[in-house]
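Take a look at the structure set out below.
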Amino acid sequence: MSYNKTANITAETINPRVKMFNYEPCGEIARHAERLQEELNKNPGSRPFQEIIYCNLGNPQALGQRPITFFREVLSLCDNPALLHRDEAHLLFSQCAMKRARKIIEAMPGRDSGPYTPSQGIKSLRESVADGIAGRDGYPSRPQDIFLTDGASSAINLTMQILIRSEEDAFLCPLPEYPLYSGSILLHGGTMVPYNLSEDGDWGLEIFEVKRCLEEARISGLTVRAMVVINPGNPTGQVLSVTNQEEIVEFCRKEGLVILADEVYQDNVYVEDKKFNSFKKVARSLGYNEDDISIVSYHSVSMGYYGECGRRGGYMEICGFGEDVMGEICKVASLTLCPNIGGQILTSLVMDTPKIGDDCFEKFLAEKESIHSSLVKRAKTLEKAFSSLEGVTCNRIEGAIYLFPKIHLPAAAIKAAKTEGVSPDIFYACRLLNDAGIAVVPGSGFHQVSGRNRAAGTYHIRCTILPGEDKIKTMISRLRAFHESFMNEFRDRN
């Protein structure tokens with residue numbers, strides 16, 4: 001008997017699509033930041049800074065954002081129902097949290113948070129989400145159209161599984177783009193068709209640009225099935241105007257495209273002249289119902305004032321798909337059996353928050369407003385700081401949790417990057433991490449390319465606004481010192 005002593009699973013034998021995409025927010029710079037932090041923990045003083053400031057990921061609670069008390073109380077009680085029968089429970093938990101927990105526990109399989117649930121999510125929790133959507137938009141929402149999911153990411157992947165049949169199936173996606181979309185489309189065997197956002201137009205969407213991309217894709221033989229819109233924008237931080245959204249709805253209706261509406265930052269709006277409007281609301285306000293246009297919208301509990309990323313809770317609302325298609329989606333969803341129950345509960349709470357008259361309402365509102373006002377302050381502070389740097393311009397951050405400043409690098413820096421075999425934005429981001437201990441994401445990680453959406457010699461980075469206000473001050477001090485030194489170093493080489 002002979003044995004094969006050579007490993008048959010290698011980088012050459014895995015799915016080739018896996019090797020074709022990168023997810024830069026968790027890429028090499030993020031891994032290097034973790035290594036540097038370990039070095040600092042073992043050898044304090046080995047670097048000119050004491051800790052890494054992580055501005056690469058939207059991870060609110062890891063960066064100091066406090067959880068909402070009401071949410072955590074309900075989650076605690078649902079995981080420990082016996083607490084409701086303890087005499088001291090009313091001293092530890094608010095009455096509205098106890099009331100909500102009892103209602104949720106009654107609906108859970110086995111009245112416990114351990115069992116599997118229906119694959120689409122617990123019906124009463126989907127009813128809460130549907131009621132929340134209806135209250136937000138002013139138009140009806142049905143629980144049978146709601147899928148509770150393990151965050152928006154799993155919902156997006158599920159959508160791609162349903163819509164992609166072959167490489168000829170394509171999706172219009174914005175550039176700069178959140179790489180979840182390009183990665184998911186590629187992994188499921190489809191094709192991404194990029195359309196460029198206008199930096200000079202505050203990262204708005206120009207419908208003629210989308211039409212151009214659609215026409216070129218069709219000429220090349222692709223079947224464009226859907227259009228991805230991220231609003232508020234990631235990584236660009238814009239909030240679309242209603243007029244812009246109406247143009248998109250009319251365009252997608254005319255061209256027979258599904259709107260895939262990424263709306264996970266809907267509670268992150270920082271400017272008085274803009275507000276969030278869902279695409280479903282805009283479509284209904286134009287008189288279109290689910291027979292006229294198909295819309296899949298995504299939301300999660302990861303961002304906003306809640307920031308519960310690790311709970312992996314979210315939903316997608318599917319409007320305009322036939323009952324036969326909905327049955328197929330349920331079948332695919334059942335492959336993972338069910339979304340995690342903690343995320344399901346939290347999603348229902350986010351969409352059905354305490355009301356006036358509840359004993360926890362004032363505390364809930366105070367916590368929510370405190371987080372939001374702090375985010376507004378940090379957004380404006382960082383926007384001003386970046387805009388003050390030599391060779392840096394930064395569009396106004398209207399929503400979401402990121403700035404996407406543009407940096408005009410000296411020719412010598414671009415040449416040095418080429419010598420090291422990396423793009424100039426990666427070169428700058430690596431130096432910023434090594435010299436100042438600030439982790440950001442290079443703009444190329446969002447497929448920001450030259451041409452229509454970037455002038456020659458300019459590059460972008462994405463930086464989250466989430467570090468606490470004290471850390472923001474420290475970060476700005478380090479950033480200014482680094483940038484001045486960097487620019488002086490490479491200006492002198494010119």
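Here the structure is a predicted model, which is why all the values come from computation and not from measurement.
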*Kindly indicate whether a cation-pi arrangement holds for Arg462 with Phe404, taking the cut-offs as under 6.0 Å to the six-membered ring centre and within 45° of the axis.*
no

*asked:* Between Glu168 (side chain only) and Gly221 (backbone N and O only), is there a donor and an acceptor less than 3.5 Å apart?
replied: no

*State whether the side chain of Ser300 and the backbone N or O of Ala152 hold a donor-acceptor pair below 3.5 Å, judged by distance alone.*
no

*asked:* Using side-chain heavy atoms (C-beta onward) and a distance below 4.5 Å, is His408 in contact with Val392?
replied: no

*Backbone N or O of Val350 within a donor-acceptor pair of the Thr353 side chain at under 3.5 Å?*
no

*Which heavy atom of Gly343 sits nearest a heavy atom of Asn340, and at what distance?*
N-OD1, 2.6 Å

_Over 60° means perpendicular and under 30° means parallel, so tell me whether Tyr270 and His372 are parallel, tilted or perpendicular._
tilted

*asked:* Just verifying a value: how many Å separate Leu172 CG and Ile259 CD1, rounded to the nearest 0.5 Å?
replied: 11.5 Å

_What verdict does the side-chain contact (heavy atoms from CB on, under 4.5 Å) test give for Ile248 and Cys252, after you've listed the backbone C-alpha separation in whole Å, the side-chain angles of each residue and the deciding distance to 0.1 Å?_
CA-CA 6 Å; Ile248 295 166; Cys252 289; 4.2 Å; yes

*Give a yes or no on this: more than 12 heavy atoms of other residues, nucleotides or ligands lie within 6.0 Å of atom CD of Glu167.*
no

*Could you give me the CA-CA distance, side-chain angles and deciding distance for Lys377 and Glu469, then say whether salt bridge (charged side-chain N to carboxylate O under 4.0 Å, His left out) is met?*
CA-CA 8 Å; Lys377 181 179 179 181; Glu469 292 181 25; 3.2 Å; yes

*Below 4.5 Å, heavy atoms only, C-beta onward: do Thr191 and Ile164 meet side chain to side chain?*
no

*Under 3.5 Å, is there a donor-acceptor pair between the side chain of Glu489 and the main chain of Ala413?*
no

*Check the pair Met160, Tyr181 against side-chain contact (heavy atoms from CB on, under 4.5 Å), reporting the backbone distance first and the verdict last.*
CA-CA 9 Å; Met160 298 305 173; Tyr181 288 96; 4.1 Å; yes

*Can you see which heavy atom on Arg478 is nearest to which on Gly437, and at what distance?*
NH1-O, 3.4 Å

*Any side-chain donor paired with an acceptor under 3.5 Å for Ser278 and Gln266?*
no

_Residue pair Lys406 / Tyr459, side-chain heavy-atom distance below 4.5 Å_ = no

*Do Thr347 side-chain atoms and Gly314 backbone N/O form a donor-acceptor pair below 3.5 Å?*
yes

*Between the side chains of Arg378 and Ser374, is a donor N or O closer than 3.5 angstrom to an acceptor N or O?*
yes

*Report the residue from Arg218, Lys211, Arg225 that forms a salt bridge (charged side-chain N to carboxylate O under 4.0 Å, His left out) with Glu255.*
Arg218

_Donor-acceptor side-chain pairing of Gln161 and Asn157 below 3.5 angstrom_ = no

*Spell out, as yes or no, whether a donor-acceptor pair under 3.5 Å connects the side chain of Thr464 to the backbone of Tyr402.*
no

_If the threshold is 4.0 Å, N to carboxylate O, is there a salt bridge linking Arg212 and Glu216?_
yes

_Modelled atom types, side-chain donor and acceptor of Tyr265 and Asn231, under 3.5 Å_ = no

_I need the Glu206 CD to Glu247 CD distance, nearest 0.5 Å._
10.0 Å

*Would you please say whether a donor-acceptor pair under 3.5 Å links the side chains of Tyr298 and Thr149?*
no

*asked:* Taking the six-membered ring for Trp, are Phe251 and Phe208 closer than 6.0 Å centroid to centroid?
replied: no

*Using a strict cut-off of less than 4.0 Å between a Lys/Arg side-chain nitrogen and an Asp/Glu carboxylate oxygen, indicate whether Glu398 and Lys275 qualify as a salt bridge.*
no

*In terms of ring plane angle, is the pair Phe482 and Phe486 parallel, tilted or perpendicular, where the classes change at 30° and 60°?*
tilted

_If I take atom NE2 from residue His188 and atom CG from residue Leu163, how far apart are they, to the nearest 0.5 angstrom?_
10.5 Å

*For Gly342 and Leu75, which heavy atoms make the closest approach, and how far apart are they?*
O-CD2, 3.7 Å

*Between CG on residue Leu479 and SG on residue Cys463, distance to nearest 0.5 Å*: 7.5 Å

*Between CD of Glu177 and CG of Asn196, what distance do you get to the nearest 0.5 Å?*
11.5 Å

_If the threshold is 4.0 Å, N to carboxylate O, is there a salt bridge linking Asp150 and Arg311?_
no

*asked:* Counting neighbours of NZ on Lys380 that are heavy atoms of other residues, nucleotides or ligands and sit closer than 6.0 Å, is the number greater than 12?
replied: no

_Testing the 3.5 Å rule here: is there a donor-acceptor pair between the side chains of Asp202 and Gln238?_
no

*Where the side chain of Ser477 meets the backbone of Thr474, is there a donor-acceptor pair that is under 3.5 Å apart?*
no

*Rounded to the nearest 0.5 Å, what separation is found between the NZ atom of Lys280 and the CD1 atom of Ile295?*
8.5 Å

_Donor-acceptor under 3.5 Å (His483 side chain, Glu390 main chain)_ = yes

*Can you see which heavy atom on Ile465 is nearest to which on Ile397, and at what distance?*
CG2-CD1, 4.1 Å

*Ignoring hydrogens and angles, state whether a donor on the side chain of Asp425 or Ser444 is under 3.5 Å from an acceptor on the partner side chain.*
yes

*Minimum-distance pair of heavy atoms, taken over all atoms of Cys173 and Ile185*: SG-CD1, 3.7 Å

*Quick one: are Val440 and Leu432 in side-chain contact, heavy atoms under 4.5 Å?*
yes

_Under 4.0 Å between a side-chain nitrogen and a carboxylate oxygen: does that hold for Arg35 and Glu38?_
no

_Donor-acceptor pair, distance only, cut-off 3.5 Å: does the side chain of Gln37 make one with the backbone of Glu51?_
no

*Between Ser334 and Lys331, is there a donor-acceptor pair closer than 3.5 Å when you use the side chain of the first and the backbone of the second?*
yes

_If you compare all heavy atoms of Ser46 against all heavy atoms of Glu39, which two are closest, and at what distance to 0.1 Å?_
OG-OE2, 3.3 Å

*With a 4.5 Å limit on heavy-atom distance, are the side chains of Ile53 and Ile472 in contact?*
no

*Test Leu148 against Val129 for side-chain contact (heavy atoms from CB on, under 4.5 Å), laying out the working first.*
CA-CA 9 Å; Leu148 299 179; Val129 171; 3.9 Å; yes

*Chi angles and distances behind the side-chain contact (heavy atoms from CB on, under 4.5 Å) call for Ile329, Phe321*: CA-CA 10 Å; Ile329 296 173; Phe321 287 19; 3.9 Å; yes

*Just checking, any donor-acceptor pair under 3.5 angstrom between side chains of Glu199 and His460?*
yes

